[in-house]
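Heads up, the thing below is written out as structure tokens.
Since we're looking at a predicted model, the values are computed, not measured. Below, read A as the first sequence line, B as the second, and so on, with proteins coming before strands; counting in each chain starts at 1.
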Protein chains: 2
Amino acid sequence: MATIHDVAHLAGVSKSLVSRYLNDQKGVSPESTLKIIAAIKELNYRPNGIARSLVLQKTHTIGIVVDDLCATFIFRLIEGLERGAEDFDVDEKYNIIFCNSNGDVQRKQRHLNFLMNGRVDGIVLYGSLVYDDTMIQQLVHSNFPLMLIENDIEGTDVNKVVIDNIGGAFMATEHLINLGHRRIAHIGGNMNLKITLDRMNGYVRALQRYNVPVDQSLIIFPDFSDVDEWKKRDEFMSQNLYFDRGYVEMKKLIEKNQVPEAIFFATDLSAFGAIKAMNEVGLRVPEDVSVIGFDDEFRAAGSFNCKPVTTMMQPLKQAGYVGIQKLVYSLGHPHAAKERILLNTELVVRESTCANKRLASAEQDTRV
Amino acid sequence: MATIHDVAHLAGVSKSLVSRYLNDQKGVSPESTLKIIAAIKELNYRPNGIARSLVLQKTHTIGIVVDDLCATFIFRLIEGLERGAEDFDVDEKYNIIFCNSNGDVQRKQRHLNFLMNGRVDGIVLYGSLVYDDTMIQQLVHSNFPLMLIENDIEGTDVNKVVIDNIGGAFMATEHLINLGHRRIAHIGGNMNLKITLDRMNGYVRALQRYNVPVDQSLIIFPDFSDVDEWKKRDEFMSQNLYFDRGYVEMKKLIEKNQVPEAIFFATDLSAFGAIKAMNEVGLRVPEDVSVIGFDDEFRAAGSFNCKPVTTMMQPLKQAGYVGIQKLVYSLGHPHAAKERILLNTELVVRESTCANKRLASAEQDTRV
DNA sequence: TTGAAAGCGTTACCAT
DNA sequence: ATGGTAACGCTTTCAA
């Protein structure tokens, strides 16, 4: 590859002058300009970006590290991030690069090191795995410009945008209660995710708020200890695992004859699996049991050939949008206060919830 | 940020020695090692990767540029690329970074420049947009290590893995013919994609091969001239556009009373839209018209609440897998011959195709 | 075992 | 308007 030195030499001028031309600075005569242009063309010269970054101490790049770039809902985040960067400032166009950690802490650390080693000006980290908490704590302490999305680590001064999972789970459960259900189960998610506890929390709070007794036997956390084995499979996709867990736990409930009136799932994916299990034994959703999920996984629904499910929509696009904007802003304002931005979820009523049979027949009784 | 100089200073040794320690080279006394370790810890030192890359002329990174990172099928490519890089060599772990060009040539060019400016050792380019052909030609001539996926530009010496779209379209059409259909329409894709022509080609060849007359009025190419307007929308997703075009063209066929016996769609997405249009007027798929698509867009099917569709599966995962491996290999063997790897598609029979009614009743006649 | 110095490809300051 | 030179943070060669 030709360097600026080669160009200068061929054009018969100094490196400084070529550099000035390259950066649209004044003080380059028309004659020099012509010679430089010719030399650049002749040598097919392209400036070396990392040399540039090295001296400028600036890369104009944001790195995004995602736990699962193949997740069915991740497109929302991507869109939000890109729009956010695009809209932020016309002449401050940041490059965005994505890294996929695949839920592997080692790999995540590798990506993080890679990016922080002068590769990018700031990092957006998406995911709430519990077991890389110490890693992220370290990251925060390193003072590298950072934006955490959906990872509400405590006690530290860091920018983050978090989604109100507790509130969302509350609303979901409330929706079921309002429909007249009382025996409401909760089938939780992977305990390796912080949000899993939040969602259970919201569920419990809603029950308490409406004086529905909390029945421990109706709070179910599937076993995710074999994740690593699943991952080794050639056709592994995370959504299949959640689907399977929903299916398995539902089967157990059916066998134990403990099918509840309604179920709040920590994720739509498990709801899809459970619905399959119910269909297999002739249980109808929502007539026999109402089902509400979380995440609005409408893309995944197709993979599992599942009916449209009532769910809590996460504003992941908005999260990406505001997250990257705040990050870019803080790059220009290093002393800006760190912020914790809280976003709300939204109830999307579809075809998997309906009024409780008791309630319905009671109404009919009244009419008669 | 602390530099190697700071570490050397604090440890009371030279930069050279620290560098040697950092790179696990022999010739560092135990005492020095101890001092260096202490200094690194104290200063929270991390080596600067781009300075390192600058002198080493190597980044150990591969850049992936994708036209639409949010496409419903892109996860296959991602998985293939990552597995390929992972499996290639144990101690040659390449970092992989993704850039999303969003089908925007400007942005693609920006990403390409960014990556080629010393950021990565090689680039994988996915997509077959026709209007960035000259850009890619330039890229090829720049001699930068490159792997083209699904972009069969001609007459140039470049590594590429292409999928046999002509053959796939042939098989799809053949499938319909074998089911007894004769009046077979083709609803094509976006003419901005090279593969669109290939797929029409395969369709025509299959008809000719089986002596089915080619009826020009049954070859339909939807108008995609308003793409840019669609893109500006806040909730734009490419799959919606293709869905819409399938819907619209099908409506036209229905209104003109020209519904064929079977249709081969250049993409499942349009098939989904068309099926909706048919459902609306009571036409049944596959009983009344058989439908075959392309791409195996099972994830998108859910978004559109569409039944499982017979389709041609593209081996995109395999494409990523072999593509990145060949690229990494050629990084280590600069004079290895460039290759064109051809991958085949696979027929996936699902619920949208069945034997032609004529054929079925003819059989019945025979029995009677 | 250790260190000095040159060099990777830029930019920027200071002269001229 | 132009050029020399130091600097960015690292590796590597050569010499001690």
Task: Residue pair A:S29, A:S32: steps toward the side-chain hydrogen bond (donor to acceptor under 3.5 Å, both in side chains) verdict - done: CA-CA 5 Å; A:S29 69; A:S32 301; 2.9 Å; yes

TODO: Answer yes or no: does a side-chain N or O of A:Q25 lie under 4.0 Å from OP1 or OP2 of C:dA12?
DONE: yes

Task: Whole-Å distance separating the CG atom of A:D24 from the C1' atom of C:dT11 - done: 15 Å

TODO: Please examine the side chains of A:I36 and A:L34, heavy atoms only from C-beta on, and report whether any two atoms are closer than 4.5 Å.
DONE: no

Open item on the list: Does D:dC8 have OP1 or OP2 under 4.0 Å away from a side-chain N or O of B:N48?
Closed with: no

TODO: Start with the C-alpha distance between A:N95 and B:R107, add both sets of side-chain angles, then the distance that settles side-chain hydrogen bond (donor to acceptor under 3.5 Å, both in side chains), and finish with yes or no.
DONE: CA-CA 9 Å; A:N95 292 300; B:R107 224 163 120 174; over 6 Å; no

Task: base_contact_polar (C:dG3 base, B:R20 side chain, donor-acceptor, <3.5 Å) - done: yes

Open item on the list: Does D:dT2 have OP1 or OP2 under 4.0 Å away from a side-chain N or O of A:S32?
Closed with: yes

- [ ] Specify the residue among A:A51 and B:R52 whose closest nucleotide of DNA chain D lies further upstream toward the 5′ end.
- [x] A:A51

TODO: Please figure out whether A:P47 or B:P30 has its closest DNA chain C nucleotide nearer the 5' end.
DONE: B:P30

Task: Presence of B:S29 side-chain N/O under 4.0 Å of C:dT2 phosphate oxygens OP1/OP2 - done: yes

Open item on the list: What's the closest nucleotide to the side chain of B:N23 if the choices are C:dG3, D:dT11, C:dT10?
Closed with: D:dT11

Open item on the list: When you measure from the side chain of A:S142 to the backbone of A:L139, do you find a donor-acceptor pair of N or O atoms at a distance under 3.5 Å?
Closed with: yes

Task: Presence of B:Y21 side-chain N/O under 4.0 Å of D:dC10 phosphate oxygens OP1/OP2 - done: no

Open item on the list: If I take atom CD1 in residue A:I50 and atom P in nucleotide C:dT11, what distance separates them, rounded to the nearest angstrom?
Closed with: 13 Å

Open item on the list: Without decimals, in angstroms, what is the distance between B:L22 CG and D:dT12 P?
Closed with: 12 Å

TODO: Ignoring the backbone of A:T3, work out which of C:dG7, C:dA4, C:dT10 is nearest its side chain.
DONE: C:dT10

Open item on the list: Less than 4.0 angstrom between a side-chain N/O of A:S14 and OP1 or OP2 of D:dG3, yes or no?
Closed with: yes

Open item on the list: For a quick test of reading the model: is some side-chain N or O of A:Q57 closer than 4.0 Å to OP1 or OP2 of D:dG9?
Closed with: yes

Task: Heavy-atom side-chain proximity of B:I74 to B:Y126 below 4.5 angstrom - done: yes

Task: B:S19 vs D:dT11: side-chain N/O to OP1/OP2 distance below 4.0 Å - done: yes

Task: Distance in angstrom units between A:L54 CG and C:dG9 C1', rounded - done: 9 Å

Task: Nearest-Å distance for atom pair NZ/P, residues B:K15 and D:dT12 - done: 14 Å

Task: Distance in angstrom units between B:L56 CG and D:dT13 P, rounded - done: 11 Å

TODO: Could you state the atom-to-atom distance from CG of A:D6 to P of C:dG7 in whole Å?
DONE: 15 Å

Open item on the list: Distance check needed: D:dT12 P versus B:K58 NZ, whole Å only.
Closed with: 14 Å

Open item on the list: Within the structure provided, determine whether B:K58 and B:H60 are in side-chain contact (heavy-atom separation under 4.5 Å).
Closed with: yes

TODO: Go through C:dT2, D:dT2, C:dT10 for me and flag the one nearest to the A:V28 side chain.
DONE: D:dT2

